[in-house]
Amino acid sequence: MKNTPKTMNGLYENLGKLFYAVAISDGSVHAKEWDKVKEIVKEDWLYIDDYTDRYGTDAANQIEIVFDVLMEYTRTSEECFEEFKDFYLEHPHAFSSKIKLLTKKTANAIANSFSGKNKSELIILAKIELLLK
């Protein structure tokens, strides 16, 4: 199945939810975790494909936008992970092996960015690993 711009924008929105789920899994988002998200989006995600949003900017920017919005609305890690999981199960074709690998790399980097990985972060990282096999 061919990926549409709408599907790919949804992908990046849901990746923002997933990365927020990793960061908030221990109860709060630390500034270093937010900085790590911004860094990896700029270094890696902006170059993964050529999809743009309705304003003509790189669709990968949706990762940062959604993450930032979620910090204001304080959704739970579980809620955000489940929304990502639902999207993944509905659109598995949007997840190339390259995107899966970068998703895992980003989630691990966020978890490592502040005081190493704690138990709650290890649990969500394991869920991500199992889902993205």
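Put simply, the side chain of Glu121 gets close to the backbone of Asn118: a donor and an acceptor are under 3.5 Å apart. Formation of a donor-acceptor pair under 3.5 Å by the Asn9 side chain with backbone atoms of Lys6 is not found in this model. At distances below 3.5 Å, at least one donor-acceptor pair connects side-chain atoms of Ser120 with backbone N or O atoms of Ser25. Under the 3.5 Å distance criterion, the side-chain polar atoms of Thr106 are matched with a main-chain donor or acceptor of Leu102. No side-chain donor-acceptor contact under 3.5 Å links Gln62 to the backbone of Ala59.
Using a 3.5 Å distance cut-off with no hydrogens or angles, the side chains of Asp53 and Thr57 do pair a donor with an acceptor.
Remark: Phe114 CZ to His30 NE2 distance equals 3.5 Å, nearest 0.5 Å. Between Leu132 atom CG and Ser97 atom OG the span is 11.5 Å, to the nearest 0.5 Å. Separating the CD1 atom in Ile110 from the CG atom in Asp35 is a distance of 11.5 Å, to the nearest 0.5 Å. Put simply, CG on Leu18 and NZ on Lys104 are 12.0 Å apart, with the number rounded to the nearest 0.5 Å. Atom CG of Leu70 is separated from atom CD of Glu79 by 9.5 Å, given to the nearest 0.5 angstrom.
Using a 4.5 Å heavy-atom threshold, the side chains of Tyr20 and Val66 count as separate. No side-chain heavy atom of Ile128 sits less than 4.5 Å from a side-chain heavy atom of Leu131. Contact annotation: the side chain of Lys42 approaches that of Glu64 to within less than 4.5 Å [non-hydrogen atoms, C-beta and beyond]. Within the 4.5 Å cutoff, the side chain of Ile65 has no heavy atoms near those of the Tyr12 side chain. Looking at heavy atoms from C-beta onward, Asp49 lies out of side-chain contact with Asn3 at the 4.5 angstrom threshold. Between Lys127 and Glu78 the shortest side-chain heavy-atom distance falls below 4.5 Å.
Leu130 and Ile124 fall into different hydrophobic clusters, where Ile, Leu, Val, Met, Phe, Trp and Tyr residues are linked whenever their side-chain heavy atoms come under 4.5 Å apart, directly or through other members.
Val41 and Ala60 get closest at one heavy-atom pair: CG1-O, 4.0 Å.
Remark: Glu13 engages no residue in a salt bridge (charged side-chain N to carboxylate O under 4.0 Å, His left out) (not counting sequence neighbours).
Figure legend: Lys17 and Phe81 shown without cation-pi pairing, the cationic atom not lying both under 6.0 angstrom from the six-membered ring centre and within 45 degrees of its axis.
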Derivation and outcome, side chain to side chain contact (heavy atoms under 4.5 Å, CB included), residues Ile99 and Met8 = CA-CA 11 Å; Ile99 287 177; Met8 295 309 287; 4.1 Å; yes

Residue pair Lys38, Glu33: steps toward the salt bridge (charged side-chain N to carboxylate O under 4.0 Å, His left out) verdict = CA-CA 9 Å; Lys38 293 185 285 187; Glu33 293 169 320; over 6 Å; no

CA sep, side-chain torsions, deciding dist, call: Phe67, Phe19, ring pair (Phe, Tyr, Trp, His ring centres under 6.0 Å) = CA-CA 7 Å; Phe67 192 105; Phe19 299 148; 8.0 Å; no

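By the neighbour-count criterion of 12 heavy atoms within 6.0 Å, atom NZ of Lys100 is densely surrounded, having more than that number from other residues, nucleotides or ligands.
For Lys105 and Asp44, the salt-bridge test passes: some basic side-chain N is under 4.0 Å from an acidic carboxylate O. A salt bridge is absent between Glu39 and Lys32: the closest approach of a Lys/Arg side-chain nitrogen to an acidic carboxylate oxygen does not fall below 4.0 angstrom.
Considering Asn108, Leu15, Leu11 as possible partners of Thr103, the one that fulfils the side chain to side chain contact (heavy atoms under 4.5 Å, CB included) test is Leu15.
Within the 6.0 Å centre-distance limit, the rings of Phe84 and Phe95 are counted as a close aromatic pair.
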